[in-house]
Amino acid sequence: MCVFKSLPAEDKTESFFNIVEHITTPEKTINLSETIGGNTIPADNDLRVLTYRTLLEKFNQKYTKLSGAQKNLLREYINNVSNTNSLKDTLKTIVNGLKKDLKQHSKNLQDKVVKIKMNEAIKSIDKFCGIDDKTDVVKDEYVIQTMRYLELVKEVKKSGNKKQKVI
């Protein structure tokens, strides 16, 4: 999903010029205040706390549809960006649970094509989520793929519950 599709034209233009400027200008240190639209960060501690709470509330409102497992993965990702070993261990644990859930729910699938696709997804989960990667670095794409697999499990569970209610 591309973030730029939902941006107004002036924001797209500003982002484009910021990227071009960043690429073409010599390296310099970037202050945090420059990254938030040129506004200075509040020096008052109470104002910082209020700003943080507002940011957190907006984030939570936007992502209310995430499952508990997805929220936990995001929390681990945010808290352990620099501690890749811990993040890698968390990913391994989540992926093992995902494989178990997907295998369990794939048994209940009626459509042969969907069942084949599900088996392929199960076979490739280690590669897509970075479990096969021997390095300790956890790439963003591994976290994104794991979030997608968590969404798949959520949808499979939801569709399985609908079928059970109909019967």
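No hydrogens, no waters, no symmetry mates; every other heavy atom, side chains included, goes into these values. Everything quoted here is computed from the prediction, not taken from an experiment.
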To the closest 0.5 Å, what do you measure between [atom1] ([X]) and [atom2] ([Y])?
| X | Y | atom1 | atom2 | result |
| --- | --- | --- | --- | --- |
| K157 | L102 | NZ | CG | 9.5 Å |
| I116 | S106 | CD1 | OG | 12.0 Å |
| N96 | D101 | CG | CG | 11.0 Å |
| N79 | E76 | CG | CD | 6.5 Å |

Answer whether the closest heavy-atom distance between the side chains of I94 and L98 falls below 4.5 Å.
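Yes; the side chains approach each other to less than 4.5 Å.
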Can you find a pair of side-chain heavy atoms, one from V49 and one from R53, that are under 4.5 Å apart?
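They are in side-chain contact.
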Looking at every non-hydrogen atom in both residues, tell me the closest pair between [X] and [Y] and how far apart they are.
| X | Y | answer |
| --- | --- | --- |
| K71 | L66 | CE-O, 3.5 Å |
| L150 | Q70 | CB-CG, 3.6 Å |
| N108 | Q110 | O-NE2, 3.3 Å |

Can you check whether [Y]'s main-chain N or O pairs, donor with acceptor, with [X]'s side chain at less than 3.5 Å?
| X | Y | value |
| --- | --- | --- |
| K88 | T135 | yes |
| Y149 | I122 | no |
| E155 | L152 | no |

Under the side-chain hydrogen bond (donor to acceptor under 3.5 Å, both in side chains) test, which residues partner [X], sequence neighbours left out?
| X | result |
| --- | --- |
| N72 | R75 |
| K99 | D126 |
| S86 | none |

Exercise answer: donor-acceptor pairs, residues 140-147 side-chain atoms, under 3.5 Å, sequence neighbours excluded:
unit_1, atom_1, unit_2, atom_2, d
D140, OD1, Y77, OH, 2.3
Y142, OH, D133, OD2, 2.8
Q145, OE1, R148, NH1, 2.6
T146, OG1, Y142, O, 2.7

Sequence neighbours left out, what passes salt bridge (Lys or Arg N to Asp or Glu O under 4.0 Å) with K154? Give chain and number order.
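With sequence neighbours excluded, K154 shows a salt bridge (Lys or Arg N to Asp or Glu O under 4.0 Å) to E151, given in chain and number order.
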With sequence neighbours left out, write down each residue that passes side chain to side chain contact (heavy atoms under 4.5 Å, CB included) with T93, or none if nothing qualifies.
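For T93 there are no side chain to side chain contact (heavy atoms under 4.5 Å, CB included) partners, ignoring immediate neighbours.
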